[in-house]
There are 2 protein chains.
Amino acid sequence: MCSSRIPPAETSVGEQPGRRYHHGNLRQALLEATVRLIEAQGIDQVSVRAVAKMVGVSPGAPFRHFPSKTALLTAVAEQAMDRLKEEIDKALAAAAGENALMRYRALGIGFFTWALGNPVHFQVISTRAVIDFEGSSLKARNDEIRAVMAGMMRDAQAEGLLRQGDPVRHAVAGRALGYGLARMYIDGQFPSWDLENLNPLQEVIGIFDQFIASIAA
Amino acid sequence: MCSSRIPPAETSVGEQPGRRYHHGNLRQALLEATVRLIEAQGIDQVSVRAVAKMVGVSPGAPFRHFPSKTALLTAVAEQAMDRLKEEIDKALAAAAGENALMRYRALGIGFFTWALGNPVHFQVISTRAVIDFEGSSLKARNDEIRAVMAGMMRDAQAEGLLRQGDPVRHAVAGRALGYGLARMYIDGQFPSWDLENLNPLQEVIGIFDQFIASIAA
DNA sequence: ACCTGAACACCGTTCAAGT
DNA sequence: ACCTGAACACCGTTCAAGT
């Protein structure tokens with residue numbers, strides 16, 4: 001009945017299930033279906049079985065590609081982190097000639113652009129209960145970004161760009177501010193703060209800029 | 001065999017299961033068992049059945065007191081929020097005579113004291129995916145605190161205590177900073193930032209103080 | 001090599017039946 | 001009034017068997 005199955009188009013694996021899957025890139029299809037399921041139902045509603053069904057495959061099939069549900073979600077987080085790093089690298093490249101504080105700003109804007117543009121990915125990365133942060137590439141990647149931020153703040157102080165205070169504490173504060181703002185936006189808290197006039201990214205950048213102005217010399 | 005059952009001690013419902021429960025305060029016992037289970041296993045491992053077993057009751061019993069698992073966790077969050085409000089009220093009472101910026105600081109310290117002292121409760125309150133934030137008392141309580149913070153920042157500006165910038169943005173930044181710091185601490189990120197010298201509460205307050213100093217006139 | 005489909009021990013939730 | 005215990009439709013995960 002289906003002896004001449006055509007494989008699904010090389011990279012675009014997000015169409016309607018198409019009854020028979022067999023080969024094709026199941027791994028990537030599962031990752032994409034997981035993201036779509038989180039978008040549609042929320043992260044706590046994700047089940048491996050539902051993802052398998054979306055992709056048209058049996059309940060056990062995903063376990064040939066991911067040893068556990070946690071591993072599946074961790075893989076989604078790793079893809080998310082890769083995209084974040086790209087966004088940050090792009091922003092940093094564009095700000096290469098500027099001073100340390102402006103490079104710090106560029107990094108922050110890269111982060112906000114990514115987080116508000118990919119809320120599901122941000123959510124997965126920041127939901128530690130459900131991913132294996134320590135045992136994956138996530139920790140190293142995260143530490144890289146942290147080190148870059150801390151270094152910039154130190155440079156900013158050395159260049160006399162900071163008004164006062166400990167650069168490490170400023171770096172931590174900036175990170176916490178970024179994390180908290182992204183989270184508040186995604187949790188839908190902006191309307192309560194009367195922050196619905198501008199578009200959210202503009203608003204977040206405005207707040208971040210005010211933070212930078214506060215610590216600047 | 002057990003015709004003369006003694007009811008469990010009035011309020012202290014956290015002892016070893018004691019085979020037969022029947023009356024007693026099952027509702028409160030379930031809430032406490034839920035907190036202990038999260039402490040021991042993490043929030044994603046909580047199951048109504050496990051909570052029921054901890055308390056020595058059949059799988060269906062909790063549903064007489066909470067319509068759903070979400071309702072159970074939301075009730076835990078509501079108790080948590082009540083304690084947060086107490087902590088904040090206490091801190092504000094102690095700072096009643098001071099200026100708006102110092103009262104803002106007191107509120108912040110109340111929050112940090114609560115969050116670092118009750119990490120499980122903070123985690124439950126901030127895990128939106130698993131509680132009913134909008135449809136409970138949580139939203140109103142949260143809005144109260146937000147309004148107090150925003151009011152203080154406005155007063156601080158009116159009293160000439162702020163160096164520059166929009167007080168609403170400062171208020172949002174302070175909230176995001178507080179949320180982000182508590183979260184970073186609970187996620188175990190402090191060691192990576194070389195923040196393990198002081199005790200965490202001291203460290204967090206130090207960073208918060210530096211933020212306040214940055215925006216102060 | 002990759003997938004199916006049955007199986008196991010779990011879940012949340014409901015509901016008749018017990019006390 | 002409150003709880004039990006069986007039942008239902010789910011889940012994560014494993015594994016023999018198929019192609």
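Note that the structure is predicted; figures quoted are calculated from it, not measured.
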### Query
Closer to the 5' end of DNA chain D via nearest nucleotide, is it A50(A) or G60(B)?
G60(B)
### Message
Are there over 12 heavy-atom neighbours, none belonging to R105(B), within less than 6.0 Å of that residue's CZ?
### Response
no
## Note on the structure
Winner on side-chain proximity to P59(A), out of dG5(C), dT13(C), dC3(D), is dG5(C)
### Query
Between F122(A) and Y179(A), how do the two ring planes meet: parallel, tilted or perpendicular, split at 30° and 60°?
tilted
### Task
Select one nucleotide: of dC3(D), dT4(C), dT13(C), the one nearest the side-chain heavy atoms of S68(B).
dT13(C)
### Query
Less than 4.0 Å between a side-chain N and a carboxylate O, is that true for E203(A) and R169(B)?
yes
### Message
Please pick, from dG12(C), dT4(D), dT14(D), the nucleotide with the shortest atom-to-atom distance to any side-chain atom of F63(A).
### Response
dT14(D)
### Query
If each of R49(A) and R64(A) is mapped to the nucleotide of DNA chain C with the nearest heavy atom, which maps nearer the 5' terminus, i.e. the 5' end?
R64(A)
### Query
Using a 3.5 Å cut-off on both pairing distances, which stems of three or more Watson-Crick or G-U pairs include DNA chain D?
C:4-8 with D:12-16, C:12-16 with D:4-8
### Query
Are any of H65(A)'s side-chain N or O atoms less than 4.0 Å away from OP1 or OP2 of dC2(C)?
no
### Task
May I ask you to evaluate whether S47(B) reaches the phosphate of dC11(C), defined as a side-chain N or O under 4.0 Å from OP1 or OP2?
yes
### Summary
From CG of L30(B) across to P of dC2(D) the rounded distance in Å is 13 Å
### Interatomic distance where CG belongs to N25(A) and C1' belongs to dC2(C) [whole Å]
13 Å
## Note on the structure
Between CZ of F66(B) and P of dC2(D) the distance, given in whole Å, is 13 Å
#### Entry: Value in whole Å for how far the C1' atom of dC10(C) lies from NZ of K53(B)
10 Å
### Message
Given dT13(D), dC3(D), dG12(C), identify the nucleotide with an atom nearest to the side chain of S58(B).
### Response
dC3(D)
### Task
Before accepting this row, confirm whether a basic side-chain N of the pair K90(A)/E87(A) lies closer than 4.0 Å to the acidic partner's carboxylate O.
yes
### Query
Do Q28(B) and Q79(B) meet the criterion of a side-chain donor-acceptor pair at a distance under 3.5 Å?
yes
### Salt-bridge present (D143(A), R146(A); N to O < 4.0 Å)
yes
### Query
Does E78(B) use its side chain to pair, donor to acceptor, with the backbone of S137(B) at less than 3.5 Å?
yes
### Atom-pair distance (CG on D44(B); P on dC11(D)), nearest Å
17 Å
